[in-house]
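The shown structure was predicted, so the numbers you read here are calculated from the model rather than taken from an experiment.
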Amino acid sequence: MRLSPEVLPYTGIMPMLIPAFLVINILLFLLYLLRGKRLLVIPLVALIIGFKFFALTFQYNTPEENPEGISVLSYNVRLFNFGMEQDEKKSLTKNSIQWVRDHPADIKCLQEFYQNYTIPTYNSIKQISDGGRYEYKYELMEGTAKRNSYGLAIFSKYPIINGGKVFQNNWTNGAIFTDINIEGDTVRIYNTHLESMNIKADDLNNIEGIKENYRDTFRKLKSGTQTRAKQVEILKDHITSSPYPVIVAGDFNDVPYSYTYFTMKSILNNAYEAAGRGFGFTYNRVLFFLRIDQLFFDNGFTAKNFNTYREVDYSDHYPISAIFQLLQPRPVATDEN
């Protein structure tokens, strides 16, 4: 979808219907085929037209075993469950922070990151940095720097030599970057959290909820697609000016058929498409069929494997990771402020 929702607002909602379009036409084709109807030509033509969307929906790549390279984790941690009911919160918080800390990725990009210097359980930076084993770049989006805040964080086993904020909207939405020295080569890592839908999954959990909330849901879908269209253009401009090979991680809050996704695809490759397997769904709620968390990379890398951790259910998103091999080393950057 190459037409911006800023130009035609409702075009941002249309791509969400593509999975239903594919399923309906597959069923019609099989039905007409079994009944020997010539009408099977109609769904067949529709499927041929929509063929490119199949690769965005399902992959069957064979990943390399034990590949070497730069491992990158992306995870929307949902504030490490801060603000949930007390009994459930304590267990989930401990488990989610521990899971992130223990994951062996070289680089960890975390969205909806919660940091609280006054409560040891929520001193996430201290725990995940693991006694200095990981350097970090944390940009707060809301809160107080010396007490508690929300934002975006990047942790790296390799030295971070530069970093900054690309843009910020409100609360946890925005994008940051770091330049990292990996054994003499410099790469740029982006951590992104584009505009959220702000749609409560519980409102869509049954038919009555859908009936009651469809107008508000439709309005939020329209507004969200327009805001993300603006954000992804800012991100694209920043990426194209990078002097170093680029990896982009994050929660894009948009489906793979959207203007957001195709804007990123116009300059980058997608790790799921290159090395993923299965559907790769990343949303851990009633709308389970959404793949909205992504790892993109430029032609300075190849993707050796891709994983979605569907067994990790501490957040409303599943973590994803990939291993990248750097192809074209660049000079090491100098510190910039």
Among side-chain atoms of [X] and [Y], is any donor-acceptor pair under 3.5 angstrom?
X	Y	answer
H103	Y309	yes
S242	Y190	no
S74	Q111	yes
N253	E195	no
Y259	T225	no

Write down the atom of [X], the atom of [Y], and the distance for their closest heavy-atom approach.
X	Y	value
V72	A105	C-CB, 4.4 Å
P120	T118	CD-O, 3.9 Å
P256	L56	O-CD1, 3.3 Å
Y272	R291	CD2-CZ, 3.2 Å
S96	N81	OG-ND2, 4.0 Å
A175	L152	N-CD1, 3.7 Å

Original post:
Do we get R277 above Y60's six-membered ring, with its NZ or CZ under 6.0 Å from the centre and within 45° of the axis?
Top reply: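 Yes, a cation-pi geometry.
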Exercise. Would you mind telling me which of N169, N173, T192 makes a side chain to side chain donor-acceptor pair (under 3.5 Å) with Q231?
Key: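 With Q231 as partner, N169, N173, T192 yield a single side chain to side chain donor-acceptor pair (under 3.5 Å), made by N169.
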Using the rule that Ile, Leu, Val, Met, Phe, Trp and Tyr join whenever any side-chain heavy atoms are under 4.5 Å apart, tell me whether [X] and [Y] fall into a single cluster.
X	Y	value
L27	Y32	no
Y75	Y318	no
F51	I48	yes

Could you tell me whether the side chain of [X] and the main chain of [Y] form a donor-acceptor pair under 3.5 Å?
X	Y	result
S266	T263	yes
N305	I323	yes
S124	Q115	no
Q168	M141	yes
E112	V77	no
N191	A153	yes
Y134	I154	no
K37	L31	no
N270	E273	yes
T186	Y244	no

**Asked** Hey, what's the ring geometry for F279 with F58, parallel, tilted or perpendicular (30° and 60° as the breaks)?
**Response** perpendicular
Would you please classify the geometry between the H238 ring and the F177 ring as parallel, tilted or perpendicular, with 30° and 60° separating the classes?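 Plane angle between 30° and 60°, so tilted.
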To the nearest 0.5 Å, what is the distance between [atom1] ([X]) and [atom2] ([Y])?
X	Y	atom1	atom2	value
S129	K108	OG	NZ	10.0 Å
D254	L290	CG	CG	10.0 Å
E135	N181	CD	CG	9.5 Å
C109	D293	SG	CG	12.0 Å
D106	Y158	CG	OH	4.0 Å
I125	N116	CD1	CG	11.0 Å

- Item | More than 12 heavy atoms of other groups within 6.0 Å of Y136 OH | no
For atom CZ of F288, is the number of surrounding heavy atoms from other residues, nucleotides or ligands below 6.0 Å larger than 12?
->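 Atom CZ in F288 is not crowded, with 12 or fewer foreign heavy atoms closer than 6.0 Å.
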Practice task
Run the ring-centre check on F296 versus F252 and record whether the distance is less than 6.0 Å.
Solution key: yes
Check whether the ring centres of F113 and F80 lie less than 6.0 Å apart, and answer yes or no.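 Yes: the rings meet the under 6.0 Å criterion.
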Side chain to side chain contact (heavy atoms under 4.5 Å, CB included) with T93: of Y114, Y314, F82, Y122, only one passes, and it is Y122
Practice problem: Scan for salt bridge (Lys or Arg N to Asp or Glu O under 4.0 Å) pairs involving residues 57-70, sequence neighbours excluded, and state none if there are none. | Solution: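 For residues 57-70, and leaving out neighbouring residues, the salt bridge (Lys or Arg N to Asp or Glu O under 4.0 Å) pairs sorted by first residue read E64-K304.
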[X] versus [Y]: any side-chain heavy-atom pair under 4.5 Å?
X	Y	answer
I182	L326	no
F306	N61	no
N269	N299	yes
I247	V187	no
Y117	T144	no
N284	H317	no

